[in-house]
Amino acid sequence: MDLCGFTMSFTTAGIHGLYAVMACFMWFVSLAFSLEYMHHYKHKAQYYAFMLATFGATAGVFLSADLLTTFVFFEIMSFTSYVLVIHDESKGAMRAGETYLAVAVIGGMVMLMGLFLLYDLTGTLKIAELADACAPYAGSGRLYAAAVCMLVGFGAKAGMFPLHIWLPKAHPVAPAPASALLSGILTKAGIYGALIICCRMLAGDEHWAAAILAIGAVTMFLGAFLAVFSSNLKKTLACSSVSQIGFITVGIGIACLTNNLSEMASKGTVLHMVNHSLIKLLLFSCAGVVYMNLHKLALSDVRGWGRNKPLLGLYFAIGALTISGVPGTSGYISKTLLHESIVEVIEEMEHAGEAVWMLKGLEWIFLISGGLTFAYMSRLFFCLFIRKNRAEEVQKGYNNKMHPYMNVLSASVIALPAAAMLCIGAVYWQHHYYTWTNLKGSLTSLAIGGLLCLLLKGKDLKELKFDLEDQVYRPVLLKGLVPLLAGIASILTGLGDNFVRMLQGGLLRQIQPHEERFSPMDWLRGRRFAQRWQEIRMDVLDSANSLSFGLLMAVLGLCVFLIYLVRN
Amino acid sequence: MNGIGILIAIAIPILGGAFVPLLDFGSRRARESYVMAIVLAASVYTLSLLASGQGTSFVLYHLTSTIDITFRIDRYGSIFALLVSVLWPLASLYAFEYMSHLHKKNRFFGFYTMCFGITLGVAFAGNFITMYLFYELLTLVTVPLITHEGTREAKVAGVKYLVYSIAGATAAFIGMIAVLSHGGSLEFDVIGLGSAATPENRRLFDLAFLFMFFGFGVKSAVWPLHGWLPTAGVAPTPVTALLHAVAVVKSGVFAIGRVVYFTYDAGYLDGSFVQKVGLLFSAFTIIYGTVMAWKEMHFKKRLAYSTVSNLSYIVFAFLLVTPSGLEAGLLHMIFHGVMKIALFFVAGAVMHQSGRIYVTELRGFGKAMPVSIAVFTVASLALTGIPPLCGFLSKFAIAEAAVEESTPFAYFGIAALLISAIFTAAYLLTICIRAYFPPADFEPWSLKSVKEANWYMTLPLVLLAAAIILLGCFPGPLMRFIGGVVPAAFPGL
Amino acid sequence: MSPVQNVPAFSILILMLCGILCLVLPRTASRRLADCAIALVAAGNIALLLYFLRGADAYIYSMGEIGAPFGNELRAGMLEAAVASLFSIITLLSLMGGRAHLRSDIGRQKVNLYYISTLFLLCSMLALVYTNDLFTAYVFVEINTITACGIVMSKEDGYTLAASMRYFIMSLVGSGLFLISICILYAVTGHLLMSNIQEGVAQLYAQGQYRAPLQVAIALMGVGLSLKSALWPFSSWLPDAHSSASASSSAMLSGLVLKSFIFLMVKIFYRVIGVGIMRSHAVLDLLLVFGILGMVMGSVNALFERDIKRLLAYSSIGQIGYIFCGIGLGTSAGVAAAMVQVAVHACTKAMLFCAAGGLMDASGGSKKFRDIEGAGRRDPYAGVAFIVGTLSMVGIPFFGGFITKLSLVQAAVTVGGWRNLLSILAIITSTILTAIYYINVLAIVFRAPETAPTKASEKLREEWKKQVRLDTEYEFAIILFIILNLTIGLQSDRLMQIITTGLSMFG
Amino acid sequence: MTNAVTLLTISDGLSIQFASDGLGRIFLCLDTVMWILAAIYASKYKEHMKKPKQFFVFFGLTYLMLAALSMAANYLTMYLCFEFMTLLSMPMVLNDGTMESIAAARKYLMYSIFGATLGLLGFFFSAYYGTSAVFVSGGVLDAAKTAGKEGTLLVTAFISIVGFGAKAGLFPLHAWLPTAHPVAPAPASAVLSGVITKAGVLCILRIVYQVYGAAFLSGTWVQTALIVLALITVFMGSMMAYGEDLLKKRLAYSTVSQVSYVLFGVFTMNPAAVLGALLHVVYHSIIKDCLFFGAGAVIFTNHKEYVSQLRGMGKKMPVTYGCFTICSLGLIGIPPFAGFLSKWYLATGSLSEGLPVLSWLGPAVLLLSALLTAGYLLPISIQGFFPGEGEKEAEGKEAPGRMLFSMLVLAAATVLLGIFAQPLSDVMQQIAGGLF
């Protein structure tokens with residue numbers, strides 16, 4: 001179908017189809033939940049319109065067969081989702097929206113640049129043909145440039161390390177169903193792009209894979225670290241999304257390293273993406289319920305609210321366990337797959353005799369962040385459902401279960417993702433996943449998690465002072481770069497005008513009416529020595545007429561004659 | 001029609017003019033009809049001469065063995081005569097109205113009409129001496145016209161004009177005699193120096209050329225010697241319009257054309273040092289003239305400086321010493337004459353009706369004097385070089401000739417042309433803007449006293465505007481008439 | 001020996017005779033006698049000129065029968081005849097032109113004396129032109145000096161006496177120097193007749209003897225005659241003398257007296273010392289330089305003048321500079337140019353002085369510009385004469401001035417080097433300056449009275465207008481002058497021929 | 001140019017001829033459509049003007065000259081129409097009669113005439129060195145005559161292009177745009193920046209492709225210099241717009257930068273780039289006119305000039321702001337809307353042309369400028385629609401019907417041409433191909 005001036009092509013093959021279905025499911029659940037959530041919210045019409053628009057765009061992104069179509073829907077998705085973010089127009093929301101839009105637009109532009117370079121290099125943007133189109137240019141700088149640009153674009157949406165700043169800010173302010181979708185599906189769109197780059201364009205390129213792994217590791221650890229220290233319910237979940245994206249990036253990195261041969265890596269990545277979407281849908285829904293009733297999200301306020309709400313506790317527990325990768329849950333399976341793929345690569349590299357210490361480090365970070373995940377999830381669970389609120393009367397208020405905290409529809413709807421996760425866990429209940437080596441990995445991370453949880457239990461951790469965006473990005477960009485460029489531009493603009501003004505002031509100055517032009521004669525006449533000269537002339541004239549002057553001149557003339565003639 | 005016709009054509013205005021101060025006319029009407037009769041007779045007769053008498057020559061008097069006063073109608077001279085005889089009746093008609101409130105009309109119209117005859121003399125001169133004679137007489141006759149108003153300023157302008165012209169004429173005279181005494185021929189039908197241009201006296205001929213170039217350059221306002229033209233702006237408008245835009249200055253340029261094409265020939269001058277000097281000076285004057293015109297806020301002084309620059313257009317074209325250069329120069333001579341006289345007439349009309357002489361005081365005149373300002377706009381568009389009008393044609397022809405020459409000096413000339421076009425737009429169109437679009441807070445009643453000039457003044461204006469437009473769109477016949485010069489000036493081709 | 005050949009001797013003798021007769025005759029008779037005598041002499045000289053024009057060659061006319069060393073000789077050629085006839089015509093016209101002034105200036109009883117000195121003045125000038133003997137030349141130089149001072153002193157007001165006394169002393173210095181140089185020449189060559197001296201000098205130069213005395217002789221000769229003919233450094237006496245004299249006398253002085261001495265200098269240089277020696281002689285450079293200075297300084301001073309006669313006097317210095325510049329160029333073309341200027345300037349300056357006289361009559365006798373305003377309208381003859389004079393001075397074709405400028409420039413251009421450049425520059429500046437002050441005067445003379453500054457001068461002018469008496473003789477003279485100038489202007493071709501052939505016969 | 005109609009033959013080399021070719025037709029349709037919409041808009045806006053009669057006279061005359069310019073068949077006619085268009089459009093700028101507007105009009109006149117005169121230089125040389133007076137795709141230069149003279153001809157080409165660039169807001173001579181627009185009435189500034197700048201682009205297209213010829217100019221220092229100038233303008237325009245608070249001046253600076261997108265495409269002399277340029281001509285006219293109409297509507301109804309005063313107006317003027325937002329998105333180059341396709345072709349054309357540095361630097365600068373465009377256009381719509389609940393209620397009412405009509409048509413065009421761009425880009429493809 002040719003639309004927008006070029007042919008748009010769509011496909012439902014493989015991952016495209018899978019994720020399209022996932023998108024539909026996610027949207028169904030969140031819309032159903034938001035019926036109740038939005039009940040007493042303002043601008044409902046605007047909310048539902050843009051939710052549907054975002055759904056369309058996201059579906060388009062997943063189903064598109066060539067990168068150009070992907071980009072088209074990608075942009076639409078960015079803008080429509082922006083409206084969701086700033087839905088309740090609070091000051092925080094506006095500022096977060098601003099950051100979100102800036103990152104989205106910058107990411108979009110850089111990705112477009114990547115597309116240009118790629119199109120110029122290979123001549124085609126069809127995803128299917130990309131693999132063999134990029135093969136001849138394997139190591140060339142232009143391919144790397146294109147890939148980097150596209151990675152920046154997709155990475156920004158996915159929330160990878162350098163451009164993750166908008167995620168922790170955007171989700172808390174967005175309405176719960178929206179933030180569920182944001183972290184569930186939209187990040188997956190980013191990952192979808194990253195997947196194409198790594199597994200289609202640069203499959204098997206060590207340098208590229210190493211970079212991806214590095215980014216993945218950093219994101220993984222950073223996300224988890226931030227999550228542990230956040231004191232807001234939704235902010236923790238957002239940071240956990242960042243961390244989970246880190247896990248998936250590592251998976252992609254491994255897949256790219258092994259040139260798509262390692263089946264475990266690719267299966268693990270896909271499975272983990274699915275798991276993460278469902279988990280975030282579940283957890284954010286729970287957070288939504290909490291916000292729906294209390295309109296507060298800070299952990300200190302919400303503490304102890306869920307003590308007498310067993311159903312909510314169950315849902316939250318399922319989510320927490322899956323995300324921490326406790327054996328038996330689908331989370332465990334995907335994490336183990338990823339972990340095993342790393343171990344497999346290490347052995348292979350050891351076998352080939354290359355340096356392996358880097359991958360070993362990666363494995364350890366994998367395990368530690370797994371532990372951290374378990375730590376903050378359990379902290380949430382304990383805070384929400386186990387511990388009592390510090391203030392007695394608040395706790396009493398929470399306890400008396402007079403009105404239902406969520407109606408039947410939303411309860412059943414939230415149940416769906418939980419059920420889906422459990423059955424995935426069940427489907428993969430084959431034995432070989434539970435061999436000792438696999439179990440050892442997850443148990444070590446759980447142990448670390450438990451240890452940390454004990455350490456931090458009871459203490460209220462304060463917010464991290466350091467915030468990458470406010471300290472680094474905004475000052476560099478707004479205070480440094482923009483004024484500099486603005487200065488250059490104003491000099492350039494002013495060039496023409498100042499030149500003309502300088503000319504008119506100096507060389508071409510117009511002689512105003514009745515302005516006396518300087519005339520040398522008048523000046524001379526006015527001078528003092530002019531009168532003096534007049535008198536001198538009168539005396540000279542009088543003397544000139546006297547006889548003596550005549551004789552003097554005659555004598556002088558005679559002398560000149562004689563001297564001159566005698567000489568020659 | 002033997003040569004005597006030329007003498008009659010020249011004699012009618014000179015004698016007619018001479019009698020004007022002597023006869024005492026009953027009324028203004030009588031004098032005007034007499035003067036107009038004389039001028040019309042002379043111009044009609046001249047035009048008939050141009051049509052029929054091409055090539056006839058007439059020796060009036062043998063001054064010495066080698067020098068005599070001869071008249072000849074050749075194509076080059078007849079172009080200048082055509083311009084003058086067409087514009088003089090218009091200028092006279094204009095002058096009747098303009099001079100209505102000035103004193104000493106008899107004397108003014110006497111000299112004014114004599115000047116017509118003398119200019120025709122310059123045009124029809126057969127050799128250098130005759131042209132020099134009429135050239136000098138032209139100076140003497142125009143001095144009283146400049147000092148007509150008798151104010152101190154006018155006297156200073158008159159003396160300055162006299163000094164410049166006499167100096168120029170003498171320098172030219174010396175150059176002429178140098179050429180004559182070294183074997184060059186002063187007759188205009190003998191082209192070039194021929195055998196006389198031997199290598200050893202080449203330096204002397206160069207010096208003679210420079211003397212003549214700067215001698216006649218005074219009248220054609222080449223840069224260092226242009227001082228008199230702006231100061232002569234104080235003269236009454238018919239004088240500045242006709243003399244300092246058409247007759248006097250054009251005779252200077254006409255004489256330079258004679259020197260370049262008829263005394264020296266293309267073979268001698270092409271690529272020579274003197275040509276470079278000439279091109280350089282004229283190109284610089286083009287720029288100098290327009291820049292000064294932009295700086296000057298006095299209406300007539302601004303137009304005078306614009307004349308300084310436009311004259312150097314013609315000098316530059318002549319000095320390219322190619323057939324297309326000659327044609328371009330002549331074309332601009334005619335077109336500039338028509339355009340500039342229109343501009344001066346408008347300046348005169350504004351001054352006559354409202355007494356305003358500075359450019360900044362012309363706000364809102366578009367409504368007060370619609371016809372004059374409309375003609376002014378047409379003329380300034382033409383002078384700026386907007387295509388359909390005639391100014392563009394001559395500018396294009398000059399640029400084409402310069403491009404054909406393709407030497408660094410020629411390119412400097414083109415650059416000068418363009419810069420001057422920009423400045424012309426600057427100093428003329430801003431006046432039109434002020435006149436037509438006064439600011440919102442402008443009270444129209446302040447111009448209530450200013451009315452459009454009567455038909456004496458507006459008729460010439462309208463005719464000139466029509467001429468500008470017609471010459472711009474249908475220059476065919478005129479360009480063919482000018483084309484006839486090339487075989488005369490370039491016998492080889 | 002056709003009868004015409006003895007015209008030179010007869011004209012000198014007749015003038016002497018009539019001069020003496022005038023002493024005794026009553027006023028009107030002496031006036032008529034003087035006029036007739038001058039007219040007769042003029043006719044004689046014109047006949048002689050026609051005789052030469054028919055192709056006769058120059059001849060020596062020995063006075064009396066005595067032999068060479070003691071006898072006296074006259075030499076007449078075409079140039080001498082032309083100059084002599086011109087001088088006599090102009091003297092006649094000046095007398096007629098200035099007649100009205102004679103009555104008012106000189107008073108009744110002294111008019112005879114005036115006529116005597118005029119006749120003797122003309123006689124001495126013709127003698128200088130024709131003489132071929134140095135000592136005779138000295139004698140007539142002395143007579144010339146005395147008579148010239150006579151006609152200046154005749155006006156008898158305090159200022160004129162002082163001016164003429166100053167003129168007299170300076171002239172005597174000049175003639176003294178002239179006498180010394182003649183003595184040296186006589187001592188060196190032993191002869192007094194020009195042709196013999198020339199041979200003597202040629203021999204001396206050939207043998208290289210007496211180089212220094214000869215140089216001194218030439219130098220003194222040059223200074224003496226330059227002083228008499230008012231070359232610039234020696235001309236400080238001229239402005240007072242010529243401006244204070246009455247109209248006819250200043251006309252004669254400016255027009256003729258100066259020119260006669262120049263003619264004598266040319267004759268001595270070319271006939272006594274010889275063309276060969278003179279061609280490269282250093283004195284010519286001096287004459288050229290002083291000539292150029294004269295041209296410029298004369299015009300500059302005239303520019304600042306506010307009195308019409310002084311202005312004309314200074315303009316004479318300028319024109320004399322022209323002549324000496326021509327001589328100084330050294331070539332025959334240069335001398336021819338000088339001779340043309342002599343002829344043209346004589347006519348023009350005489351006419352201008354007579355016209356000035358007329359203008360002064362029309363403005364109550366005052367010479368100041370303030371009063372002369374509009375005088376040209378009151379006395380049209382003077383006005384027209386002034387116009388013709390200005391046009392000629394400025395050098396408009398059809399008038400005399402043009403041919404002088406033409407010939408001088410032609411001469412200057414053929415001469416190479418610094419002379420060429422210097423003279424051309426001088427010509428340009430002097431032409432400009434001349435044009436300025438003449439046309440300035442013209443403007444003043446013809447300015448319409450309305451613009452005159454004060455009411456009072458208005459009434460004054462009205463009466464002056466009434467005073468102008470119809471003086472037929474004066475008008476007749478002015479008309480003749482104008483005709484003379486126009487003929488010189490138009491017939492310049494024939495004038496040039498006469499001069500060139502005259503010069504070729506000269507040596 | 002086939003079958004040229006000769007209006008007037010002045011002399012053998014000079015004649016005023018008209019002929020319709022692909023390029024001319026695009027510009028003619030563009031002018032006509034824009035003029036109709038502007039006329040509808042102005043019919044309502046005239047209550048706000050001081051001298052409406054004078055405005056409409058010159059409004060019509062300028063259209064006449066623009067139509068003639070697009071149909072001009074030779075250099076002389078093009079120059080003639082160019083000059084007259086300047087002269088006739090100048091009175092529209094000083095319609096308000098304030099001293100400031102007169103000064104701006106004079107500045108506009110002087111810059112344009114300066115540019116036109118530089119353009120004249122090109123005419124002189126092409127008249128002499130060219131074979132046929134009429135425009136011929138691929139250049140009219142006669143190989144024999146220009147054998148030794150390439151250097152000078154390149155210089156004249158550069159000067160005349162920079163000259164005509166004055167009208168198109170190219171860097172050295174762009175200063176008149178930001179001064180003329182704020183003072184001109186809204187329909188005038190809409191037409192002035194939307195269509196009249198395109199006249200400058202048309203002239204440059206004619207000179208580059210149909211007088212000197214792409215083959216003659218491509219690869220030379222002239223091409224690099226011109227591209228650098230275009231890129232400087234692109235960057236400078238958007239940078240200055242980013243910092244400008246006066247709405248119309250911000251849009252003027254945006255015009256300066258957007259028209260240089262087109263010039264960048266023209267100067268890269270690559271079929272795809274030229275296609276992008278032509279598309280951008282159409283898109284930019286549509287979008288910029290709509291933006292100016294929006295700005296005019298805001299000034300007309302609520303007399304608010306500055307962007308900082310417009311917080312929360314979106315609620316009060318939903319339609320205006322809706323169109324404004326759509327067009328801003330189009331201008332930024334967000335895919336579904338019109339702006340994206342032209343940027344796509346410009347970038348790919350430049351990259352495929354393969355000039356040493358400029359091939360990638362060009363698209364980079366274009367995207368940077370697109371980013372800045374987002375920076376200065378989106379905040380207006382955002383503050384308009386989402387003022388944030390703290391702000392007090394902004395007062396103001398919706399623009400009158402006729403104004404909205406024009407804006408709606410243009411907004412619709414932006415969307416439709418964005419999505420169904422294929423027919424338009426095919427036509428442009430064929431024309432762009434014809435130029436080489």
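Lettering follows sequence order; numbering is per chain, from 1.
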- Output the option from Asp96(D), Leu8(D), Ile113(D), Thr98(D) having the highest count of non-hydrogen pairs under 4.5 Å with chain B. Leu8(D)
- Proximity breakdown for Ile159(D) and chain B, heavy-atom pairs closer than 4.5 Å: neither
- Test Val403(B) against Tyr129(D) for side-chain contact (heavy atoms from CB on, under 4.5 Å), laying out the working first. CA-CA 9 Å; Val403(B) 165; Tyr129(D) 286 104; 4.0 Å; yes
- Query: Given the rule in the side-chain contact (heavy atoms from CB on, under 4.5 Å) test, do Thr117(D) and Ile419(B) qualify, once you have shown the distances and angles that lead to the verdict?
  - Reply: CA-CA 8 Å; Thr117(D) 320; Ile419(B) 294 169; over 6 Å; no
- Within a radius of less than 6.0 Å around CD of Glu100(D), do more than 12 heavy atoms belonging to other residues, nucleotides or ligands occur? no
- Query: Relative to chain D, which segment of Leu381(B) carries a heavy atom at a distance below 4.5 Å: side chain, backbone, both, or neither?
  - Reply: side chain
- The reported gap from CG in Leu478(B) to OG in Ser11(D) (rounded to nearest 0.5 angstrom) is 12.0 Å
- Task: Tell me, for Tyr411(B) versus chain D, whether the close heavy atoms (under 4.5 Å) come from the side chain, the backbone, both or neither.
- Result: side chain
- Nearest 0.5 Å please: distance from the CG atom of Leu118(D) over to the CD1 atom of Ile422(B). 5.5 Å
- With a 4.5 angstrom heavy-atom cut-off, which part of Lys145(D) approaches chain B: side chain, backbone, both or neither? neither
- Item | Phe114(D) and Phe423(B) aromatic centres sub-6.0 Å | no
- Query: Roughly how far, to the nearest 0.5 Å, is CD1 of Ile414(B) from CZ of Phe125(D)?
  - Reply: 4.0 Å
- How long is the span from the SG atom in Cys473(B) to the CG atom in Leu7(D), to the nearest 0.5 Å? 9.0 Å
- Task: Would you indicate whether the side-chain heavy atoms of Ile10(D) and Phe474(B) approach each other to under 4.5 Å?
- Result: no
- Would you check, one step at a time, whether the test side-chain contact (heavy atoms from CB on, under 4.5 Å) holds for Phe124(D) with Ile398(B)? CA-CA 10 Å; Phe124(D) 292 148; Ile398(B) 295 172; over 6 Å; no
- Item | Exercise: identify the closest heavy-atom pair between Glu400(B) and Ala127(D) | OE2-CB, 3.8 Å
- Minimum side-chain heavy-atom gap Pro388(B)-Phe84(D) below 4.5 Å: yes
- Hey, could you give me the CG/CD1 distance between Leu120(D) and Ile386(B), rounded to the nearest 0.5 Å? 9.5 Å
- Can you say whether Leu80(D) sits under 4.5 Å from chain B via the side chain, the backbone, both, or neither, judging by heavy atoms? both
- Query: Which pair of heavy atoms, one from Ala440(B) and one from Lys50(D), lies closest together, and at what distance?
  - Reply: CB-CD, 4.5 Å
- Query: What part of Leu418(B) is in contact with chain D, defined as an atom under 4.5 angstrom from a non-hydrogen atom: side chain, backbone, both or neither?
  - Reply: both
- Message: I need the Leu14(D) CG to Phe396(B) CZ distance, nearest 0.5 Å.
- Response: 4.5 Å
- Query: Could you go step by step and tell me if Ile433(B) and Leu94(D) meet the side-chain contact (heavy atoms from CB on, under 4.5 Å) rule?
  - Reply: CA-CA 10 Å; Ile433(B) 294 178; Leu94(D) 53 81; 4.3 Å; yes
- Please state whether the side chain, the backbone, both or neither of Thr152(D) comes within less than 4.5 Å of a heavy atom of chain B. side chain
- Are Phe392(B) and Leu76(D) close enough that some pair of their side-chain heavy atoms sits under 4.5 Å apart? yes
- Item | Residue pair Leu429(B) / Leu87(D), side-chain heavy-atom distance below 4.5 Å | yes
- Give a yes or no on this: more than 12 heavy atoms of other residues, nucleotides or ligands lie within 6.0 Å of atom NZ of Lys367(B). no
